[in-house]
Protein chains: 2
Amino acid sequence: MPEPSPGSRPAPRPTLEAVAERAGVSRATVSRVVNGGAGVRRPLAERVRRAVEDLGYVPNHAARSLVTRRTGAVGVIIAEPEVRIFSDPFFSQQIRGISRELTAQDTQLVLLLVDGPGDYDRIGRYLAGGHVDGALAFSLHTDDPIPALVRRAALPTVFGGRPGWTAGADGQAVPYVDADNRGGARAAVRYLCGLGRRRIAHIGGPPDQTSATDRLDGYRDVLPDAEPELVAEGAFTEESGARAMERLLLRCPDLDAVFAANDLMASGALGVLKARGRSVPDDVALVGFDDIDPVARTTDPPLTTVRQDVEGQGRLMARLLLRGLDRQREGGPAPEPVITPTTLVRRASA
Amino acid sequence: MPEPSPGSRPAPRPTLEAVAERAGVSRATVSRVVNGGAGVRRPLAERVRRAVEDLGYVPNHAARSLVTRRTGAVGVIIAEPEVRIFSDPFFSQQIRGISRELTAQDTQLVLLLVDGPGDYDRIGRYLAGGHVDGALAFSLHTDDPIPALVRRAALPTVFGGRPGWTAGADGQAVPYVDADNRGGARAAVRYLCGLGRRRIAHIGGPPDQTSATDRLDGYRDVLPDAEPELVAEGAFTEESGARAMERLLLRCPDLDAVFAANDLMASGALGVLKARGRSVPDDVALVGFDDIDPVARTTDPPLTTVRQDVEGQGRLMARLLLRGLDRQREGGPAPEPVITPTTLVRRASA
DNA sequence: GTGAAAGCGCTAACAT
DNA sequence: ATGTTAGCGCTTTCAC
């Protein structure tokens, strides 16, 4: 029986050579056909394709990589502070977007989880080791060691979210994809103004994340004269939003609107508002940010919020990197940052 | 200035050859040193190591892979029905465990997200393409196409969770890692019995997942004569647990205990019980399964539940695969399944 | 348009 | 213990 018995070695995969022989052509011709078939006459190409099919030929990636000097893989770095990413729908969507785009470009996604401070070393070596053609990283905090790593590895990298340090040490622009946080915040606050609200508070995120500071900046763009008491700092968690809301209520009992820097905090704030007997949106109008999937539409009332296309951002990150690879290979410039638009989604909370 | 100007090509990486020349030895010797240095005299090895250091030599992975026929990477397949995995703490922990183990073994994690039925084809080609040495897959449903793929690709694979089909088409055992679902369920139900409960109901998971059927089997092991009315089917979601609880209450108003096949459903059931005025644990004792992180300890009352070490399972999957790789390479047998123990965690709900 | 030939950087026999 | 040598499977000039 030709059935491989449990103890037999795996069958050796057919090589270009084998295909060439079967098709009665040279290896070079097969190679051309396999790689798009440019410059090969139809009948020949057909014969080759048939031979490939018959033999079940699959190109050997290592051999190809050895000569092309491309791995066809990119690393996605997920740093320690973000280990929870997988529980965060935000990241999961972004990864999904990245995966979609990479897949479409026949590029592999190598997941690099940073699992502790000691891991940065390992990741750095890996990146420098030429295992991947480029990297994607999420730059959440200003003191992240990742940027230095990829810089040292001289590896093309695109960041998700505007990095805290805007330019590299050598003045090169750092490529990143980010939502228009500032513009979205402006839209939210303007909307509240348009509703006739006069005492508009803000619950901000942690000041070491640009998404938080950018949204705060947007708030200030519209309300440059807002009293400092109207701004409370949270940590992007529901709990922290609740605490911030309590402080705000204490400091400014007369507030009539709140713009929270994300939906989670908005949800926390909503709970406190209701518990304190303030009706939303009648007494206090509430706007969030992100339009995060279950949260924003399942609160009571559902949240008016600023939507950003997270999956699209992921796709964009991958696309930017892949485009940049070809260019940088030729010594071209790194790709420019991309800011994706946001839209205000009206629901019942404002 | 030796600083690479923005328009310069990336510096070519030093090769074995360069190191050999600098150290005044042959390529073979350098190779030996780089790969552990067995059989090379101290002083020589030292000289080589210094040269490696000086030149910043990093082995070319493609070249090595070409000759060793190992890629040093494994694919982690995540199928469409589980796209939410990233929001599921269960999977995120498992991935973390996998990542930890692979990292420790210097093996890369290539993430393969199946993004639709059409993707199975692509994944199949990829797996057959020799890009990875093995695969890790989660076999949630009985009709999953993944098993067929890896089988066709003749790729060593370890499953997370017992697959629905216990043996391969050729009678080979399928390697997997799973919690002792049946034993854990038995422990839970026995515990309820020990509490003096006499009408113990069960909320089961979807019957096409072995984790659900195994837990049901465990329940039946202890209560072989339980009336069918005491068993309701859920879908492992909080909502489905609530619905199942409602049905149970209708059919068996006199029940005094519930064993739910996971914590999410237990949480849903808890809500219904409280809404119906049944106090937990006084009127109805409740036990869950998984000890899922925020859920089990934050319900009111906190859940008594069956804990499984999910991260450990992930690590085990990776370890099993890597060990199996070496063996199977020599035509050895696939690794045996591993069942990890569960422990009953007593909290306030039972 | 097609083929011949020269490597890509490395490991593993095989010599010594 | 170390060096020599022959490829691994592929792409890519360069002739024809």
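Predicted model, so just to flag it, every value in this text is computed and none were measured. So you know, we letter chains A, B, ... as the sequences are listed, proteins then strands, and number each from 1.
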Handout entry: Bounds of contact between DNA chain D and chain A, in 5' to 3' order, using a heavy-atom cut-off under 4.0 Å
Key = D:dG9 to D:dT13

Exercise for the section: Please determine if B:R49 and B:E53 form a salt bridge, counting it only when a charged side-chain N lies under 4.0 Å from a carboxylate O. Expected result: no

Exercise for the section: Applying salt bridge (charged side-chain N to carboxylate O under 4.0 Å, His left out), run through B:R319 and B:E101 and close with a yes or a no. Expected result: CA-CA 7 Å; B:R319 201 172 305 163; B:E101 184 68 22; 3.2 Å; yes

Handout entry: Degree of bending, the helix from C:dG1-D:dC16 to C:dT16-D:dA1 (end axes from five pairs; round to 10°)
Key = 30°

Fill in the blank from the handout: Hits for side-chain hydrogen bond (donor to acceptor under 3.5 Å, both in side chains) against A:R152, two or more places apart or cross-chain, chain-then-number order -> none

Practice task
Please tell me which of B:A45 and A:T29 maps to the more 5' nucleotide of DNA chain D, matching each residue to the nucleotide holding its nearest heavy atom.
Solution key: B:A45

Practice task
Nearest 0.5 Å please: distance from the OH atom of B:Y120 over to the CD1 atom of B:I146.
Solution key: 5.0 Å

Polar-atom pairs under 3.5 Å, protein N or O versus N or O of nucleotides 7-11 of chain C: list them with distances, or write none.
| from | atom 1 | to | atom 2 | distance (Å) |
| --- | --- | --- | --- | --- |
| C:dC8 | O3' | A:R69 | NH2 | 2.5 |
| C:dG9 | OP1 | A:R69 | NH2 | 2.5 |
| C:dG9 | N2 | B:A63 | O | 3.4 |
| C:dC10 | OP1 | B:Y57 | OH | 2.3 |
| C:dC10 | OP1 | B:N60 | N | 3.1 |
| C:dC10 | OP2 | B:L16 | N | 2.4 |
| C:dC10 | N4 | B:R27 | NH2 | 2.6 |
| C:dT11 | OP1 | B:N35 | OD1 | 3.4 |
| C:dT11 | OP1 | B:N35 | ND2 | 3.2 |
| C:dT11 | OP1 | B:R64 | NE | 2.7 |
| C:dT11 | OP1 | B:R64 | NH2 | 3.2 |
| C:dT11 | OP2 | B:S31 | OG | 2.7 |
| C:dT11 | O4 | B:R27 | NH2 | 3.2 |

Problem - For A:A318 against A:L136, the heavy-atom pair lying closest together - result: CA-CD2, 4.2 Å

Practice task
Could I get the full list of side-chain hydrogen bond (donor to acceptor under 3.5 Å, both in side chains) partners for B:R32, not counting sequence neighbours?
Solution key: none

Practice task
Verify the neighbour count for atom CD of B:E46: are there more than 12 heavy atoms of other residues, nucleotides or ligands below 6.0 Å?
Solution key: yes

Problem - Residues that A:T29 engages under side-chain hydrogen bond (donor to acceptor under 3.5 Å, both in side chains), provided they are two or more places apart - result: A:S26

Practice task
Taking all non-hydrogen atoms of both residues into account, name the closest pair between B:P156 and B:L321 and its distance.
Solution key: O-CD1, 3.5 Å

Problem - Within 6.0 Å of CD in B:Q105, more than 12 heavy atoms from elsewhere - result: yes

